[in-house]
2 protein chains.
Amino acid sequence: MDKEKTVKKIQQFYQKRKRMPSFSEVAELIGYKSKNAVSKLVDKLVERELLSKDEQGRLLPGRLMRGVQVLGTVAAGFPSPAEEELCDTLSLDEWLVPHREATFLLKVTGDSMQDAGIVDGDMVLAERGCQPRSGDIVIAEIDHEWTMKYFVRDGAKVVLRPGNTKYPVLVPRCELKIAAIVRGVIRKY
Amino acid sequence: MDKEKTVKKIQQFYQKRKRMPSFSEVAELIGYKSKNAVSKLVDKLVERELLSKDEQGRLLPGRLMRGVQVLGTVAAGFPSPAEEELCDTLSLDEWLVPHREATFLLKVTGDSMQDAGIVDGDMVLAERGCQPRSGDIVIAEIDHEWTMKYFVRDGAKVVLRPGNTKYPVLVPRCELKIAAIVRGVIRKY
DNA sequence: TTGACAGGTGAACGATTGTTCACTAGGATT
DNA sequence: AATCCTAGTGAACAATCGTTCACCTGTCAA
């Protein structure tokens, strides 16, 4: 049986059932009648690092299961199908969210950050409990009002600068609380 | 044992081991000495839809395992911790990538789409094999050169319009191939 | 023709799975 | 004081898990 076909079948299984198949299930997937054949096949796939196994022998989902293919750049030309094989794969969840507990998603309204490429309707990935550095985009409460702005430290003074020349720079009068730092932007069409 | 604590322990286990724990493992996680207690506890968590089970009784990873919290909008004010409990969670992979096989990630170079909020260094999620509609952003080969532009249909004529007034509209001379449609944009800081 | 070898079958193995039963201890209610 | 209910223990159960063995085919090289 073709090894690539097997991996694809397992990928489909994983996507549908949200877990890795057992050896018997793999046998059923690719038409084998014996778990042993699967065992040998899996061992070879593990050797090639296309799959990996538990300490109990169970199959583990690797990057091939969750990820999305990563190709080159647009301007540099479109990669040919032959090159795609060599490319890496990436799990969006793992890539964008290193700390699940402290991270949340926020919908953006308004155009006050459009020069930063963040427009109305975008989703913003924010991480709580971090120390902001000058230049970071932050979710902040300034004088009892919530906004998303650039965090700029100018000597001892701290201001919030919008990413749009239409709006003024905000200087905190009585209070400034930084709730979270923006770690990523997501837009869906 | 606190039910929320249990779910969090399971979440940690899932994030570390990339699979759901067995009942014995759950028992070890939360300090039980009997699988039966776990069985009853899990049944209640399933009733509350905090977990779900296989047809074989095994635990399945739900949205709680993969997802990121979704909060409200920035301009509308920052939700209080009390509200967060009610909020939904979202798996980025499942949300952004409905068709894994046909989707890939591309790095953006240049500023030809900056008015669309796509700037240099962004990652773009593109889907192969779709019919583009007028107004979609596409990855295209025009006269043997690859670019990312708006796809605009004007009667029988088709042009590629950049998202930046600095650049001219592209009218295909000899050939225009649409390779993929841009489904999403991802930026990481 | 012979030998080696990869690929698959089928059956048995111990280990671990989720489920189920009987049972105990502690609170709360009646 | 008597009752009910929840929460947890411990042991037994069939089912399934991954592994391993002997065995049967082809195919390719010597």
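Here is how names work: the chains are called A, B, and so on, in the same order as the sequence lines, proteins then strands, and each is numbered from 1. Quick caveat: nothing in here was measured; it's all calculated off a predicted structure.
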Nearest-Å distance for atom pair CG/P, residues A:D43 and D:dG18: 12 Å
Whole angstrom value for the distance that separates P of D:dC13 from CZ of B:F23: 21 Å
C:dT17 phosphate, OP1 or OP2, under 4.0 Å from B:S24 side-chain N/O: yes
Lys/Arg N to Asp/Glu carboxylate O, B:E55 vs A:R17, below 4.0 Å: yes
Donor-acceptor pair between A:S91 and B:D93 side chains, under 3.5 angstrom: yes
Whole-Å distance separating the OH atom of A:Y32 from the P atom of D:dG18: 16 Å
Sidechain N-carboxylate O distance under 4.0 Å for A:K18, B:E94: yes
Under-3.5 Å donor-acceptor pair between B:K33 side chain and D:dG10 base: no
Under 4.0 angstrom between B:S39 side-chain N/O and C:dG18 OP1 or OP2: no
Presence of donor-acceptor pair under 3.5 Å, side chain of B:K40 and base of D:dG8: yes
Atom-to-atom span, CD of A:E28 to P of C:dT9 - whole angstrom: 13 Å
Heavy-atom donor-acceptor pair, A:N36 side-chain to C:dG10 base, under 3.5 Å: yes
A:R58 or A:K35, whichever maps to the more 5' nucleotide of DNA chain C: A:K35
Audit row: A:R19, A:F13, side-chain contact (heavy atoms from CB on, under 4.5 Å) steps and yes/no: CA-CA 8 Å; A:R19 67 169 173 87; A:F13 185 100; 4.2 Å; yes
Given D:dG8, C:dT19, C:dT17, the nucleotide with the shortest approach to the side chain of B:K53: C:dT19
Polar side-chain contact B:S34-D:dG10 base: donor and acceptor under 3.5 Å: yes
Minimum-distance nucleotide (side-chain atoms of B:Q56 versus D:dC17, D:dG10, C:dG7): D:dC17
Contact summary for A:L105 and B:L90, nearest pair of heavy atoms: CD2-CD2, 4.0 Å
Distance, rounded to the nearest Å, where B:L41 contributes CG and C:dG18 contributes P: 14 Å
Spacing of B:M20 atom CE relative to C:dT17 atom C1', expressed in whole Å: 15 Å
d(CZ, A:R19; P, C:dT17) in whole Å: 14 Å
